[in-house]
There are 2 protein chains.
Amino acid sequence: MSTEARLELGPSSLTDALYESIRKRIVNGEIPQGEKLTEVRLATEYDVARPTAKAALERLTALGLLRRTAHKTAVVPVLDEAEIRDLFFSRMTIEKAAVSALAATGQVPADAARAQVAIEYAARDRLFENQVEADIAFHTALVAAVGSRRLTRMHELIIGEVHLTMGQYQAHRKAAPTTVAEEHAAILEAIQQGAQSAAADHLAYHLEQAQGRLLSTLSGH
Amino acid sequence: MSTEARLELGPSSLTDALYESIRKRIVNGEIPQGEKLTEVRLATEYDVARPTAKAALERLTALGLLRRTAHKTAVVPVLDEAEIRDLFFSRMTIEKAAVSALAATGQVPADAARAQVAIEYAARDRLFENQVEADIAFHTALVAAVGSRRLTRMHELIIGEVHLTMGQYQAHRKAAPTTVAEEHAAILEAIQQGAQSAAADHLAYHLEQAQGRLLSTLSGH
DNA sequence: GTCCTAAGATTGTTAGACAAGAATGCACGA
DNA sequence: TCGTGCATTCTTGTCTAACAATCTTAGGAC
């Protein structure tokens, strides 16, 4: 880790920028699982005050990207099999409701279609990191398109952990280049046809496959 | 609002105690909808530092019990009809998954059964505030009994707004003393019988009724 | 009456400090 | 040599004080 990091001040708040910077470094694996992040260390690296670093850590903790208890240092969590299963059970609950609601309208979200194209490009060019990003964007777009602010917020609460897990194991997971895109296409097709239960079934299958892929890389530890 | 409030220092953290105190005052209607809460005002009333008040406000904002944008004062939100519908749609998604999972085991959660008894007592004695508390406890117990940490956290993210809305309209809602208990009993019975779809249906009916009761008091504004 | 400016209020961020809890290592004894 | 206990050190929780940036409001000019 470099001793100094630069923050893009696009977001209005300094805390926002710091939060976003650390978030990216965690989900793409730059900060590995088990790594400890102290407040003073972050404050020093980014040249911000400790309360600012503290606020960013608290927001990351709320999203499951860090864990910490009182008076103890925040650490990037290591998800075991039970937790990955819990994560995907919760994720399934939200996303099933989302695709079912979308199928009821028959409208395929434009953002999801765009993300789908990005996945195909990334798979073709073997850009694994882009593939993960586009996959997350695809699922996020599905949920956001429902238009429910609270469903979206609940999804945000867990998708970060999904992103983290995929990003951390990214190097080991060189398999399945195009299958993800095919499974996504089946979901979108069912949505367009207005088939609610079919859309939910395709999504369930896709998430089960994704969970299986993660768990298999986990066992290869 | 009194100029001084006392904090019970049960929780280890001062921020926790402050958060919990303000939370209670919001959900039981002591702090009404639309009320503005500034950091310095809370800090003065509770005799804590402004950063402590700030942290408590941020946590309440994350749970939807307050709303605020950058550089603006936090305010207790007023939920309109569209937002109440969104709230119940999101709530339905989580709780349906919960009772379905519980029915798969056939085990009625002990905490839910206890809350059910508390509701019956409160309904008999016309203690509306206790009735609201016990109702929230009932639904929270159902979700918690699934044993999914993330499902529980997502539920926490929205149940606060449910509590807020029920608590704020509590004075106006003197109807339906025992119907709530009956609807709850139907859910528990289906869970015990292991009837997944029936449990989900009973829950859906119950939440639709609850939403209707809230919306009717809302229109009587 | 309307628009603009300026003062006040509120939040965002920083610095420094002290206390309390947790973790670490070292010395001492078995 | 190994394990236990204590003290040091690290880290976080909270506070005070202050300044900057932004939002709001009130007053004045036209």
Side-chain angles (χ1 to χ4, degrees), chain A residues 1 3-23 26 31-78, chain B residues 1 3-23 26 31 34-78:
Chain A
M1 205 185 252
T3 49
E4 175 85 13
R6 184 93 23 229
L7 286 181
E8 335 153 353
L9 282 164
S12 53
S13 165
L14 184 62
T15 305
D16 288 349
L18 179 59
Y19 155 79
E20 187 57 26
S21 174
I22 302 174
R23 187 195 131 272
I26 291 178
I31 302 178
Q33 289 182 325
E35 179 105 346
K36 287 205 264 189
L37 294 180
T38 72
E39 298 179 356
V40 290
R41 172 180 164 192
L42 288 175
T44 305
E45 282 180 11
Y46 284 95
D47 195 32
V48 298
R50 187 161 73 94
T52 305
K54 182 188 188 67
L57 288 181
E58 278 167 358
R59 285 170 54 175
L60 290 164
T61 303
L63 290 182
L65 292 176
L66 288 176
R67 298 219 179 137
R68 67 172 181 168
T69 52
H71 293 281
K72 287 205 283 191
T73 303
V75 56
V76 180
V78 182
Chain B
M1 206 186 247
T3 49
E4 175 85 13
R6 184 97 20 232
L7 286 181
E8 337 153 352
L9 282 163
S12 52
S13 166
L14 185 62
T15 305
D16 287 349
L18 179 60
Y19 156 79
E20 187 57 25
S21 174
I22 302 174
R23 188 195 131 271
I26 291 177
I31 302 178
E35 180 105 346
K36 288 206 264 190
L37 294 180
T38 71
E39 297 179 356
V40 289
R41 173 181 164 191
L42 287 174
T44 305
E45 283 180 12
Y46 284 96
D47 195 32
V48 297
R50 186 162 74 93
T52 306
K54 183 188 189 66
L57 288 181
E58 278 167 358
R59 284 169 55 176
L60 290 164
T61 303
L63 291 182
L65 291 174
L66 288 175
R67 298 219 180 136
R68 67 172 182 168
T69 53
H71 294 284
K72 286 204 283 192
T73 303
V75 56
V76 180
V78 182

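The sequence lines fix the lettering, A, B, ..., with proteins before strands; numbering per chain opens at 1.
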Rounded to whole Å, CD of Glu58(A) lies from P of dT12(D) at a distance of 11 Å
All heavy atoms of Ile31(B) vs all of Val76(B), minimum pair found to be CG2-CG2, 3.8 Å
Looking only at dT11(D), dG12(C), dC23(D), the nucleotide nearest the Thr73(A) side chain is dT11(D)
Rounding to 0.5 Å, atoms CG (Leu42(A)) and CG (Leu18(A)) come to a distance of 6.5 Å
With Tyr19(A) as partner, the option from Leu63(A), Thr52(A), Leu65(A) fulfilling side chain to side chain contact (heavy atoms under 4.5 Å, CB included) is Leu63(A)
Judged by nearest nucleotide, the residue sitting upstream toward the 5' end of DNA chain C, His71(A) or Thr15(A), is Thr15(A)
In whole angstroms, the gap separating P of dT11(C) from CG of Asp16(A) amounts to 17 Å
Between CG of Leu14(A) and C1' of dA20(D) the distance, given in whole Å, is 13 Å
One should read off an interatomic distance between Lys36(B) NZ and Arg68(B) CZ, to the nearest 0.5 angstrom, of 13.5 Å
Hey, is the side chain of Arg41(B) pairing donor to acceptor with the base of dT11(C) inside 3.5 Å? no
Whole-Å distance, Tyr19(B) OH to dT14(D) P, equals 15 Å
Taken to the nearest whole Å, CZ/Arg68(A) to C1'/dA23(C) is 17 Å
In whole angstroms, the gap separating C1' of dA22(C) from NZ of Lys36(A) amounts to 10 Å
Is the shortest side-chain N/O distance from Lys54(A) to OP1 or OP2 of dG13(D) below 4.0 Å? yes
Glu39(A) atom CD is separated from dT14(C) atom P, nearest whole Å, by 14 Å
Between CZ of Arg50(B) and C1' of dA18(D) the distance, given in whole Å, is 10 Å
So, does Lys72(B) get its side chain near the phosphate of dT22(D), meaning an N or O under 4.0 Å from OP1 or OP2? no
